[in-house]
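Working notes for the structure below.
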Amino acid sequence: MGGELVFIANDNRNNGSTRNYIYHTLKEQIITLTLEPGTKISEKEVAEQLKVSRTPVRESFLQLSQEELLEIYPQRGTFVSRIDLEHVEESRFVRENIEKVIVKLACEKLTDDDLFQLQTNIAMQETCEKKNNHEKLFELDDDFHKILFSACGKNRTWNMLQLMSSHFKRLRLLRLSSYLDWSIIISQHKQIFELITKNEPDKAEEVMSEHLRLVVFEKELLKDRYPTYFK
(Lines give C-alpha, C1' and ligand atoms only; values in the text may rest on other atoms or scores of the structure.)
Protein backbone atom coordinates (compact mmCIF):
# COMPACT_ATOMS: atom_id res chain seq x y z
CA MET A 1 0.00 0.00 0.00
CA GLY A 2 0.99 3.59 -0.41
CA GLY A 3 2.96 3.11 -3.61
CA GLU A 4 3.35 5.63 -6.38
CA LEU A 5 0.86 5.93 -9.22
CA VAL A 6 2.33 4.37 -12.35
CA PHE A 7 1.09 4.50 -15.93
CA ILE A 8 2.59 2.86 -18.99
CA ALA A 9 2.51 5.26 -21.92
CA ASN A 10 1.27 3.94 -25.25
CA ASP A 11 1.29 6.19 -28.29
CA ASN A 12 -1.15 3.90 -30.14
CA ARG A 13 -4.09 4.70 -27.90
CA ASN A 14 -6.84 6.96 -29.20
CA ASN A 15 -8.62 9.38 -26.88
CA GLY A 16 -11.34 6.91 -25.92
CA SER A 17 -9.00 4.07 -25.08
CA THR A 18 -6.69 6.47 -23.24
CA ARG A 19 -9.61 7.61 -21.10
CA ASN A 20 -10.57 4.00 -20.37
CA TYR A 21 -6.98 3.10 -19.56
CA ILE A 22 -6.62 6.03 -17.14
CA TYR A 23 -9.96 5.22 -15.52
CA HIS A 24 -9.24 1.51 -15.03
CA THR A 25 -5.66 2.09 -13.87
CA LEU A 26 -6.69 4.68 -11.31
CA LYS A 27 -9.61 2.59 -10.11
CA GLU A 28 -7.45 -0.50 -9.64
CA GLN A 29 -4.81 1.43 -7.73
CA ILE A 30 -7.46 3.05 -5.50
CA ILE A 31 -9.19 -0.28 -4.79
CA THR A 32 -5.91 -2.06 -4.05
CA LEU A 33 -4.82 0.84 -1.79
CA THR A 34 -1.75 1.50 -3.93
CA LEU A 35 -3.18 5.01 -3.83
CA GLU A 36 -3.95 5.49 -0.16
CA PRO A 37 -7.19 7.17 0.95
CA GLY A 38 -6.62 10.91 1.16
CA THR A 39 -3.84 10.97 -1.46
CA LYS A 40 -3.83 14.07 -3.66
CA ILE A 41 -3.57 13.42 -7.40
CA SER A 42 -3.19 15.90 -10.23
CA GLU A 43 -4.73 16.02 -13.69
CA LYS A 44 -1.64 17.82 -14.90
CA GLU A 45 0.80 15.22 -13.59
CA VAL A 46 -1.18 12.30 -15.02
CA ALA A 47 -1.46 14.04 -18.40
CA GLU A 48 2.26 14.84 -18.46
CA GLN A 49 3.20 11.27 -17.48
CA LEU A 50 1.11 9.85 -20.32
CA LYS A 51 1.90 12.68 -22.74
CA VAL A 52 -1.80 13.26 -23.46
CA SER A 53 -4.16 16.20 -23.17
CA ARG A 54 -5.91 16.80 -19.88
CA THR A 55 -9.35 16.05 -21.39
CA PRO A 56 -9.30 12.22 -21.02
CA VAL A 57 -7.74 12.62 -17.57
CA ARG A 58 -10.49 15.02 -16.49
CA GLU A 59 -13.18 12.67 -17.85
CA SER A 60 -11.66 9.77 -15.92
CA PHE A 61 -11.50 11.84 -12.74
CA LEU A 62 -15.17 12.80 -13.14
CA GLN A 63 -16.22 9.17 -13.62
CA LEU A 64 -14.32 8.09 -10.52
CA SER A 65 -15.83 11.01 -8.64
CA GLN A 66 -19.32 9.79 -9.58
CA GLU A 67 -18.35 6.39 -8.16
CA GLU A 68 -17.23 8.17 -4.97
CA LEU A 69 -13.61 7.06 -5.30
CA LEU A 70 -12.27 10.57 -5.93
CA GLU A 71 -13.27 13.84 -4.30
CA ILE A 72 -12.80 16.96 -6.41
CA TYR A 73 -12.55 20.32 -4.65
CA PRO A 74 -12.26 23.49 -6.74
CA GLN A 75 -9.08 25.45 -5.89
CA ARG A 76 -7.95 22.66 -3.53
CA GLY A 77 -7.43 19.70 -5.84
CA THR A 78 -8.48 16.09 -6.30
CA PHE A 79 -8.10 13.50 -3.55
CA VAL A 80 -8.63 9.76 -3.25
CA SER A 81 -11.76 9.41 -1.15
CA ARG A 82 -11.45 8.06 2.35
CA ILE A 83 -13.30 4.83 3.16
CA ASP A 84 -16.87 5.62 4.13
CA LEU A 85 -18.17 3.04 6.62
CA GLU A 86 -21.78 3.91 5.78
CA HIS A 87 -21.07 2.93 2.15
CA VAL A 88 -19.32 -0.21 3.37
CA GLU A 89 -22.33 -1.25 5.46
CA GLU A 90 -24.82 -0.55 2.68
CA SER A 91 -22.81 -2.64 0.21
CA ARG A 92 -22.41 -5.43 2.74
CA PHE A 93 -26.14 -5.37 3.51
CA VAL A 94 -27.09 -5.66 -0.16
CA ARG A 95 -24.54 -8.40 -0.82
CA GLU A 96 -25.60 -10.40 2.21
CA ASN A 97 -29.26 -10.38 1.25
CA ILE A 98 -28.61 -11.22 -2.38
CA GLU A 99 -25.94 -13.84 -1.72
CA LYS A 100 -28.12 -15.69 0.77
CA VAL A 101 -30.50 -16.30 -2.13
CA ILE A 102 -27.66 -17.06 -4.54
CA VAL A 103 -26.15 -19.76 -2.33
CA LYS A 104 -29.55 -21.45 -1.99
CA LEU A 105 -29.92 -21.39 -5.78
CA ALA A 106 -26.42 -22.80 -6.07
CA CYS A 107 -27.50 -25.91 -4.17
CA GLU A 108 -29.92 -26.60 -7.02
CA LYS A 109 -27.99 -25.39 -10.03
CA LEU A 110 -24.24 -26.01 -9.66
CA THR A 111 -22.80 -28.58 -12.05
CA ASP A 112 -19.78 -30.80 -11.46
CA ASP A 113 -17.71 -28.31 -13.46
CA ASP A 114 -18.89 -25.43 -11.26
CA LEU A 115 -18.01 -27.40 -8.13
CA PHE A 116 -14.59 -28.17 -9.56
CA GLN A 117 -14.01 -24.44 -10.14
CA LEU A 118 -14.91 -23.70 -6.53
CA GLN A 119 -12.70 -26.52 -5.24
CA THR A 120 -9.77 -25.29 -7.33
CA ASN A 121 -10.36 -21.74 -6.13
CA ILE A 122 -10.26 -22.85 -2.47
CA ALA A 123 -7.04 -24.80 -3.03
CA MET A 124 -5.45 -21.66 -4.50
CA GLN A 125 -6.66 -19.63 -1.51
CA GLU A 126 -4.86 -22.04 0.81
CA THR A 127 -1.67 -21.58 -1.24
CA CYS A 128 -2.00 -17.80 -0.94
CA GLU A 129 -2.34 -18.13 2.83
CA LYS A 130 0.90 -20.13 2.98
CA LYS A 131 2.66 -17.60 0.75
CA ASN A 132 1.21 -14.56 2.58
CA ASN A 133 -0.08 -13.21 -0.74
CA HIS A 134 -3.02 -11.08 0.35
CA GLU A 135 -3.62 -9.40 -3.02
CA LYS A 136 -4.09 -12.72 -4.84
CA LEU A 137 -6.23 -14.01 -1.97
CA PHE A 138 -8.42 -10.93 -2.39
CA GLU A 139 -8.88 -11.76 -6.10
CA LEU A 140 -9.67 -15.39 -5.32
CA ASP A 141 -12.18 -14.38 -2.66
CA ASP A 142 -14.02 -12.27 -5.25
CA ASP A 143 -13.76 -15.06 -7.82
CA PHE A 144 -15.27 -17.58 -5.40
CA HIS A 145 -18.42 -15.47 -5.12
CA LYS A 146 -18.44 -14.63 -8.82
CA ILE A 147 -18.46 -18.36 -9.69
CA LEU A 148 -21.63 -18.77 -7.62
CA PHE A 149 -23.38 -15.88 -9.38
CA SER A 150 -22.27 -17.06 -12.82
CA ALA A 151 -23.35 -20.65 -12.19
CA CYS A 152 -26.80 -19.37 -11.17
CA GLY A 153 -27.08 -17.24 -14.34
CA LYS A 154 -26.81 -13.95 -12.41
CA ASN A 155 -23.80 -12.27 -14.03
CA ARG A 156 -25.60 -8.95 -14.43
CA THR A 157 -26.49 -8.98 -10.74
CA TRP A 158 -22.82 -9.55 -9.88
CA ASN A 159 -21.78 -6.66 -12.14
CA MET A 160 -24.37 -4.40 -10.50
CA LEU A 161 -22.98 -5.22 -7.06
CA GLN A 162 -19.46 -4.31 -8.18
CA LEU A 163 -20.59 -0.77 -8.98
CA MET A 164 -21.55 -0.12 -5.37
CA SER A 165 -18.85 -2.17 -3.64
CA SER A 166 -15.71 -0.05 -4.04
CA HIS A 167 -15.55 1.09 -0.41
CA PHE A 168 -16.42 -2.41 0.78
CA LYS A 169 -13.63 -3.86 -1.38
CA ARG A 170 -11.07 -1.45 0.04
CA LEU A 171 -12.00 -2.41 3.59
CA ARG A 172 -11.77 -6.11 2.72
CA LEU A 173 -8.34 -5.66 1.17
CA LEU A 174 -7.21 -3.62 4.17
CA ARG A 175 -8.34 -6.50 6.37
CA LEU A 176 -6.32 -9.03 4.37
CA SER A 177 -3.23 -6.83 4.24
CA SER A 178 -3.38 -6.38 8.03
CA TYR A 179 -2.82 -10.11 8.53
CA LEU A 180 -5.92 -10.68 10.54
CA ASP A 181 -6.98 -14.31 10.57
CA TRP A 182 -7.24 -15.38 6.92
CA SER A 183 -8.11 -18.95 7.93
CA ILE A 184 -11.62 -17.82 8.94
CA ILE A 185 -12.36 -16.64 5.40
CA ILE A 186 -11.01 -19.80 3.79
CA SER A 187 -12.76 -22.04 6.33
CA GLN A 188 -16.09 -20.40 5.61
CA HIS A 189 -15.57 -20.81 1.87
CA LYS A 190 -14.93 -24.51 2.50
CA GLN A 191 -18.09 -24.78 4.58
CA ILE A 192 -20.14 -23.09 1.88
CA PHE A 193 -18.70 -25.44 -0.76
CA GLU A 194 -19.42 -28.53 1.35
CA LEU A 195 -22.98 -27.46 2.14
CA ILE A 196 -23.66 -26.83 -1.55
CA THR A 197 -22.37 -30.30 -2.44
CA LYS A 198 -24.57 -31.82 0.30
CA ASN A 199 -27.56 -29.77 -0.90
CA GLU A 200 -28.15 -28.09 2.45
CA PRO A 201 -29.43 -24.65 1.36
CA ASP A 202 -30.54 -23.39 4.78
CA LYS A 203 -27.19 -24.10 6.40
CA ALA A 204 -25.35 -22.68 3.38
CA GLU A 205 -27.40 -19.49 3.69
CA GLU A 206 -26.49 -19.23 7.38
CA VAL A 207 -22.74 -19.59 6.74
CA MET A 208 -22.87 -17.11 3.85
CA SER A 209 -24.52 -14.58 6.13
CA GLU A 210 -21.82 -15.09 8.79
CA HIS A 211 -19.15 -14.81 6.12
CA LEU A 212 -20.37 -11.44 4.88
CA ARG A 213 -20.68 -10.10 8.42
CA LEU A 214 -17.01 -10.62 9.29
CA VAL A 215 -16.25 -7.06 8.29
CA VAL A 216 -18.84 -5.75 10.77
CA PHE A 217 -16.84 -7.09 13.69
CA GLU A 218 -13.46 -5.93 12.39
CA LYS A 219 -14.12 -2.49 10.94
CA GLU A 220 -13.56 -0.66 14.26
CA LEU A 221 -10.23 -2.45 14.75
CA LEU A 222 -9.15 -1.39 11.25
CA LYS A 223 -10.36 2.15 11.85
CA ASP A 224 -8.22 2.35 15.00
CA ARG A 225 -5.19 0.97 13.14
CA TYR A 226 -5.57 3.19 10.05
CA PRO A 227 -7.40 6.31 11.26
CA THR A 228 -6.39 8.47 8.29
CA TYR A 229 -7.93 6.00 5.83
CA PHE A 230 -11.49 6.57 7.03
CA LYS A 231 -14.00 9.32 6.57
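In this text, all values refer to a predicted model and were calculated from it rather than measured experimentally. Counting from 1, the numbers follow the sequence of the chain as shown.
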Glu139 vs Lys136, salt bridge (Lys or Arg N to Asp or Glu O under 4.0 Å): CA-CA, chis, key distance, verdict: CA-CA 5 Å; Glu139 290 177 21; Lys136 185 62 179 176; 3.4 Å; yes
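- To the nearest 0.5 Å, atom CG of residue Asp141 and atom CG of residue Asn121 are 8.5 Å apart.
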Could you please spell out the steps behind the side chain to side chain contact (heavy atoms under 4.5 Å, CB included) verdict for Arg172 and Asp142? CA-CA 10 Å; Arg172 285 171 48 221; Asp142 256 7; 3.0 Å; yes
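- A salt bridge is absent between Glu36 and Arg82: the closest approach of a Lys/Arg side-chain nitrogen to an acidic carboxylate oxygen does not fall below 4.0 angstrom.
- In plain terms, the two heavy atoms of Val52 and Pro56 that are nearest each other are CG2-CG, 4.4 Å.
- More than 12 heavy atoms of other residues, nucleotides or ligands lie within 6.0 Å of NZ in Lys100, so this atom counts as buried by the packing criterion.
- At a threshold of 4.5 Å between non-hydrogen side-chain atoms, the residues Asn199 and Pro201 count as touching.
- Counting heavy atoms from C-beta on, the side chains of Met208 and Leu148 come closer than 4.5 Å.
- Annotation: side chain of Leu64 is not in contact with side chain of Thr78 (no heavy-atom distance under 4.5 Å).
- In terms of heavy-atom proximity, Pro37 sits nearest to Tyr229 at CB-O, 3.5 Å.
- Note that the CD1 atom of Ile30 and the OG atom of Ser81 stand 7.0 Å from one another [nearest 0.5 Å].
- A distance-only check finds a donor-acceptor pair linking the side chain of Thr25 to the backbone of Tyr21 [under 3.5 Å].
- With rounding to the nearest 0.5 Å, the separation of CG in Leu26 from CD1 in Ile31 is 11.5 Å.
- Using a 4.0 Å cut-off between charged nitrogen and carboxylate oxygen, Glu220 and Lys223 do not count as a salt-bridge pair.
- Considering CH2 of Trp158 and CG of Leu163, their distance stands at 12.0 Å, rounded to 0.5 Å.
- Between Ser65 and Glu71, the closest side-chain pair of non-hydrogen atoms is not below 4.5 Å.
- Checked by atom type and distance alone, the side chain of Ser177 pairs as donor or acceptor with a backbone atom of Leu174 at under 3.5 Å.
- Residues Leu62 and Phe79 fall into different hydrophobic clusters, defined by Ile, Leu, Val, Met, Phe, Trp and Tyr side chains chained together at heavy-atom separations under 4.5 Å.
- Taking the side chain as every heavy atom from C-beta outward, Val80 and Arg170 approach each other to under 4.5 Å.
- Tracing side-chain contacts under 4.5 Å through hydrophobic residues (I, L, V, M, F, W, Y), one never reaches Leu140 starting from Phe116; they form parts of separate clusters.
- Remark: the Asn20 side chain and the Ser17 side chain contain no N/O donor-acceptor pair separated by less than 3.5 Å.
- Annotation: Lys27, atom NZ; neighbour count of heavy atoms from other residues, nucleotides and ligands within 6.0 Å is above 12.
- In Glu90, the CD atom is not crowded: 12 or fewer heavy atoms of neighbouring residues, nucleotides or ligands sit closer than 6.0 Å.
- Between the Lys40 side chain and the Arg76 main chain, a donor and an acceptor come within less than 3.5 Å of each other.
- Considering CZ of Phe144 and CG of Leu118, their distance stands at 5.0 Å, rounded to 0.5 Å.
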Please walk me through it: do Phe149 and Leu161 pass side chain to side chain contact (heavy atoms under 4.5 Å, CB included)? CA-CA 11 Å; Phe149 277 80; Leu161 289 174; 3.6 Å; yes
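- Looking at Arg213 and Glu210, no side-chain N of the basic residue comes within less than 4.0 Å of a carboxylate O on the acidic one, giving no salt bridge.
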Quick one: do Ile83 and Lys231 satisfy side chain to side chain contact (heavy atoms under 4.5 Å, CB included)? Show the steps, please. CA-CA 6 Å; Ile83 298 171; Lys231 188 170 181 180; over 6 Å; no
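- Ring pair His145/His189 is perpendicular by interplanar angle, where above 60° counts as perpendicular and below 30° as parallel.
- No side-chain donor from either of Tyr73 and Gln75 sits under 3.5 Å from a side-chain acceptor of the other.
- Between the side chains of His87 and Glu68, a donor-acceptor pair is found at a separation under 3.5 Å.
- Tyr23 and Glu28 share no donor-acceptor pair across their side chains, judged by distance under 3.5 Å alone.
- At least one side-chain heavy atom of Arg175 sits under 4.5 Å from a side-chain heavy atom of Leu222.
- Both Met160 and Leu212 are part of a single hydrophobic cluster, where members link through side-chain heavy atoms under 4.5 Å apart.
- Between Glu194 and Lys190 there is no salt bridge, since no side-chain nitrogen of the basic residue lies less than 4.0 Å from a carboxylate oxygen of the acidic one.
- Across every non-hydrogen atom of Ser53 and Val57, the tightest pair is O-CG2, 3.9 Å.
- A salt bridge links Lys104 with Asp202: the closest approach of a Lys/Arg side-chain nitrogen to an acidic carboxylate oxygen falls below 4.0 angstrom.
- To the nearest 0.5 Å, atom CG of residue Asp143 and atom CD of residue Gln125 are 9.0 Å apart.
- Cluster annotation: Leu214 is connected to Leu173 through the hydrophobic network of ILVMFWY side chains, with a link wherever side-chain heavy atoms come within less than 4.5 Å.
- In this structure the side chain of Leu137 reaches within 4.5 angstrom of the side chain of Trp182, judged on heavy atoms.
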Determine whether Phe230 and Lys219 satisfy the following criterion, side chain to side chain contact (heavy atoms under 4.5 Å, CB included), listing intermediate values before the conclusion. CA-CA 10 Å; Phe230 291 87; Lys219 63 185 180 183; 5.8 Å; no
Test log, rule salt bridge (Lys or Arg N to Asp or Glu O under 4.0 Å), inputs Arg92 and Glu96: CA-CA 6 Å; Arg92 188 213 59 77; Glu96 179 186 347; 2.4 Å; yes
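- Taking both residues in full, the closest heavy atoms of Leu69 and Ser166 are given as CD2-CB, 3.5 Å, listed atom of the first, atom of the second, then distance.
- In the hydrophobic clustering of this structure, Leu110 does not group with Val101; members are Ile, Leu, Val, Met, Phe, Trp, Tyr whose side-chain heavy atoms approach within less than 4.5 Å, directly or through other members.
- The shortest distance between side-chain heavy atoms of Thr157 and Ile98 falls below 4.5 Å.
- Among residues two or more places apart in sequence or in another chain, the side chain to side chain contact (heavy atoms under 4.5 Å, CB included) test is passed with Asp112 by Leu115.
- Other residues, nucleotides and ligands place no more than 12 heavy atoms under 6.0 Å from the CD atom of Glu45.
- Nearest heavy-atom pair, Ser91 versus Ser165, reported as atom, atom and distance to 0.1 Å: OG-CA, 3.8 Å.
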